[in-house]
Protein chains: 2
Amino acid sequence: MSQPSLYRGNLTAIVLQLLETDGRMYGYEITQKVKDKTNGSLQIKEGALYPILHKLEAENFLTVEVEKVGKRIRKYYKITEAGEKERISQLAALKEYMATMEQLFNPKLSY
Amino acid sequence: MSQPSLYRGNLTAIVLQLLETDGRMYGYEITQKVKDKTNGSLQIKEGALYPILHKLEAENFLTVEVEKVGKRIRKYYKITEAGEKERISQLAALKEYMATMEQLFNPKLSY
DNA sequence: GTGACATACCTATGTATCTTAGGTATAAAT
DNA sequence: ATTTATACCTAAGATACATAGGTATGTCAC
């Protein structure tokens, strides 16, 4: 049984945001950074992350640079201009969503 | 193509919250009230709502009373004590989720 | 030196939670 | 008379994950 997370639907936005604020990163690094930043609340699974990165790259929202560290490979991803536009768009949707949730769960009384 | 919403995963919590704050309601009424409260941002589809109501009832989180209005039927749902516990539990998860998202997208600088 | 764990990449399958798209029927509005 | 709103329902399809595997390199404790 898969245990769905509340972050469902937000992972792509989170990746775009992270690459914008923190600069180029590689996949594994992203999983760790997110875990750190959220004090372990959000652990992006590799099974979710890698397909997201590949999709964003295919959409030209990210570019990749492959680097060798010893005998291992790292694929560094960087956000493009198109990706930045996409990020802003998704951020706007997220803001509205958050505001609406606030309204539903913590309504400001409207007299 | 189905257009996924950011509210995915929150609909059950929203229904529980609504039945707690606004008292007993019937399905169609819930869809309208949510649309109203969110200024149209969130339109819970009947195809999503009715299965949720049936599931919550099966879990004893809701009770039903059927009423006749003219020749039509209304099924009024009310939250149970177990449902209230579930609501509180889901609310706590939601709060943490929202706080984490805030942290990711609007980080308070940590010196 | 070997066993465990971390790093670093990947994909295939299963599944929860929806959206879409239908259906039935009554009531109100134009 | 036709359209729209009310009020219930379910089946099929889509999405975005989680789960669960796989490969390989590097590090650390014992």
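What you are looking at is a predicted structure, and each value in this text was computed from that prediction instead of being measured. Here is how names work: the chains are called A, B, and so on, in the same order as the sequence lines, proteins then strands, and each is numbered from 1.
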> Looking at B/Y26, does any N or O in its side chain come under 4.0 Å of the phosphate oxygens OP1/OP2 on D/dA7?
Replying inline: yes

>> From CD of A/E67 over to P of C/dT7, roughly how many Å is that when rounded to an integer?
In response: 18 Å

> From D/dA16, C/dC10, C/dT7, pick the nucleotide closest to the side chain of A/R8?
Replying inline: D/dA16

> Atom OH of B/Y97 to atom P of D/dC17: distance rounded to whole Å?
Replying inline: 11 Å

>> Any side-chain N or O of B/K45 below 4.0 angstrom from OP1/OP2 of C/dT20?
In response: yes

>> Is B/H54 close enough to D/dT10 that one of its side-chain N or O atoms is under 4.0 Å from OP1 or OP2 there?
In response: yes

>> Pairing donors with acceptors under 3.5 angstrom, does anything connect the side chains of A/T12 and A/Q90?
In response: no

> To the nearest angstrom, how far is B/Q3 atom CD from D/dT15 atom P?
Replying inline: 9 Å

> Please give, in whole Å, the distance from D/dA24 P to A/E46 CD?
Replying inline: 16 Å

> Where each residue is assigned the nucleotide of DNA chain D containing its nearest heavy atom, which of B/P4 and B/A48 is assigned the position nearer the 5′ end?
Replying inline: B/A48

>> Rounded to whole Å, please give me the gap between CG in A/L49 and P in D/dA18.
In response: 11 Å

> At under 4.0 Å between heavy atoms, what does A/G70 touch on the DNA or RNA strands: base, sugar-phosphate, or nothing?
Replying inline: sugar-phosphate

> Nearest heavy-atom pair of A/L11 and A/A48: which atoms, and what distance?
Replying inline: CD1-CB, 4.1 Å

>> From OH of B/Y7 over to C1' of D/dT15, roughly how many Å is that when rounded to an integer?
In response: 18 Å

>> Please confirm whether the shortest side-chain N or O distance from B/Y28 to OP1 or OP2 of D/dT6 is below 4.0 Å.
In response: yes

> Below 4.0 angstrom from OP1 or OP2 of C/dC10, is there any side-chain N or O of A/Y50?
Replying inline: no

>> Check the orientation of A/Y97 and B/Y97. Use parallel for under 30°, tilted for 30 to 60°, and perpendicular for over 60°.
In response: tilted

> Which of these passes side chain to side chain contact (heavy atoms under 4.5 Å, CB included) with A/E65: A/R24, A/R74, A/K75?
Replying inline: A/R24

>> For A/G9 and A/V69, find the nucleotide of DNA chain D closest to each by heavy atoms; which residue's nucleotide sits nearer the 5' end?
In response: A/G9

>> At less than 4.0 Å, is any side-chain N or O atom of A/K71 found next to OP1 or OP2 of C/dA8? Yes or no.
In response: no

> Tell me: NZ of B/K55 to C1' of C/dT15, nearest whole Å?
Replying inline: 13 Å

>> Between A/E81 and A/K85, does any NZ, NE, NH1 or NH2 come within less than 4.0 Å of an OD or OE carboxylate oxygen?
In response: no

>> Counting only side-chain nitrogens and oxygens, does A/R74 get under 4.0 Å of the OP1 or OP2 atom of C/dA8?
In response: yes

> Whole-Å distance between D/dC8 C1' and B/I52 CD1?
Replying inline: 16 Å

